[in-house]
Amino acid sequence: MDINVQELIKTALEMRKMSYTPYSHFNVGAALLSKDGQIYTGCNIENAAFTPTNCAERTAFFKAVSEGVKDFAAIAIAGGPDGSDPVDFCPPCGVCRQVMSEFCHDDFQIIMAKSLTEYKIVTLPESVPDRFGPKDLLG
Ligand code: THU
């Protein structure tokens, strides 16, 4: 399917404004594209007890899955210090990669963006070469 990379990056950058990050002050936005063309947005949501913190990527995945959507094409991720544009590419953490491994196939694209023009794209197998997933339990 056609992936509008610019639209996904723009949405991820915008979603950084919604981040709740009183502890890290590191704002991450995500835009998850389903195979039926919808965009599910996410931001990171921190917690005083730290471990309940939810990353932007998982927020987007859980919103989509909770609405019955489980086929995904791509995700754009943009992260950086609160009050500033991203200074680096923000790779998904291991927990988020595991959630991607649950729902996504080898063609899933991870778009890490600093800006509309500075981004890099890797596929899920490039990001998680030897992933544990549904096939390991369900065959
Ligand atoms: N974070 C994300 O939202 N996504 C990532 O891929 C990396 C980390 C969040 C979690 C926490 O709120 C903050 O960034 C600092 O780790």
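One-based numbering, in listed order, for ligands and for the atoms of each. Each residue takes its place number in the sequence, starting with 1.
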Exercise for the section: Could you list which atoms of ligand 1 come closer than 4.0 Å to a heavy atom of Phe26? Expected result: 14 (O)
Handout entry: Any side-chain heavy-atom pair of Leu32 and Glu57 under 4.5 Å
Key = no
Practice task
Would you sort out whether Arg131 and Asp106 count as a salt bridge (charged side-chain N to carboxylate O under 4.0 Å, His left out), showing the intermediate values?
Solution key: CA-CA 11 Å; Arg131 59 187 192 278; Asp106 286 359; 2.7 Å; yes
Problem - Heavy-atom nearest option to atom 1 (N) of ligand 1, drawn from Ala60, Cys93, Cys55 - result: Cys55
Handout entry: Atom indices of ligand 1, in the order listed, that fall short of 4.0 Å to a heavy atom of Glu57
Key = 2 (C), 3 (O), 4 (N), 5 (C), 6 (O)
Problem - Close side-chain approach of Met100 and Ile110, heavy atoms under 4.5 Å - result: yes
Exercise for the section: Could you see which bit of Cys96 sits under 4.0 Å from ligand 1, with heavy atoms only: side chain, backbone, both or neither? Expected result: neither
Exercise for the section: Look up atom 14 (O) of ligand 1 and tell me if a protein heavy atom lies less than 4.0 Å from it? Expected result: yes
Exercise for the section: Report yes if some N/O of Pro91 lies less than 3.5 Å from some N/O of ligand 1; otherwise report no. Expected result: yes
Problem - Contact atoms of ligand 1, heavy-atom distance to Ser24 under 4.0 Å - result: 13 (C), 15 (C)
Problem - Proximity of Thr53 to ligand 1 by residue part, where a heavy atom lies under 4.0 Å - result: side chain
Handout entry: Donor-acceptor under 3.5 Å (Glu46 side chain, His25 main chain)
Key = no
Exercise for the section: Could you tell me whether some N/O pair between Glu46 and ligand 1 is separated by less than 3.5 angstrom? Expected result: yes
Handout entry: Interfacing atoms of ligand 1 (cut-off 4.0 Å, heavy-atom, Pro92)
Key = 6 (O)
Exercise for the section: Step through it carefully: locate the ring centre of Phe72, locate the ring centre of Tyr40, and say whether they are under 6.0 Å apart. Expected result: no
